[in-house]
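For reference, the structure is listed below as structure tokens.
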Amino acid sequence: MGFIAFLILGLIAGAIAKLIIPGDQPGGWLSTLVLGVIGALLGGWIGSALFGVGLQEFWSIQTWIVAIIGAVIVLLIWGFFTRSRRTV
């Protein structure tokens with residue numbers, strides 16, 4: 001998968017993760033892109049380590065599933081750290 005395709009995948013996966021997680025999440029589109037790309041990398045790594053399913057092709061459903069799951073995990077972790085900073 002090319003670099004631009006990976007950035008597009010990360011942006012869309014991050015946006016879908018923001019839709020899945022209820023409530024307001026901090027950050028705009030740039031942070032969504034960064035968290036989505038990090039989540040796609042994390043999802044690909046976890047998917048290949050546990051199930052032998054990583055990031056394959058842009059149009060592969062398994063690529064989208066592991067990228068979205070990874071983005072949700074990263075967004076939950078990001079929300080945990082940013083909420084704890086706001087309350088202190």
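Heavy atoms only: backbone and side chains are in, while hydrogens, waters and symmetry mates are out.
- The side-chain contact (heavy atoms from CB on, under 4.5 Å) search around Leu76 returns Ile21, Val72, not counting sequence neighbours.
- The CG atom of Leu11 lies 10.0 Å from the CD1 atom of Ile16; values are rounded to the nearest 0.5 Å.
- Between Trp59 and Trp64, the closest heavy-atom pair is CA-NE1, 4.3 Å.
- In this structure the side chain of Ile20 reaches within 4.5 angstrom of the side chain of Ile68, judged on heavy atoms.
- The CD1 atom of Ile38 lies 10.5 Å from the CD1 atom of Ile77; values are rounded to the nearest 0.5 Å.
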Steps toward side-chain contact (heavy atoms from CB on, under 4.5 Å) verdict (Val37, Leu7): CA-CA 6 Å; Val37 170; Leu7 289 178; 3.8 Å; yes
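- One hydrophobic cluster, built from ILVMFWY side chains closer than 4.5 Å, cannot hold both Leu19 and Leu9; they sit in different ones.
- A pairwise comparison of heavy atoms in Ala71 and Gly36 identifies CB-CA, 4.3 Å as the closest pair.
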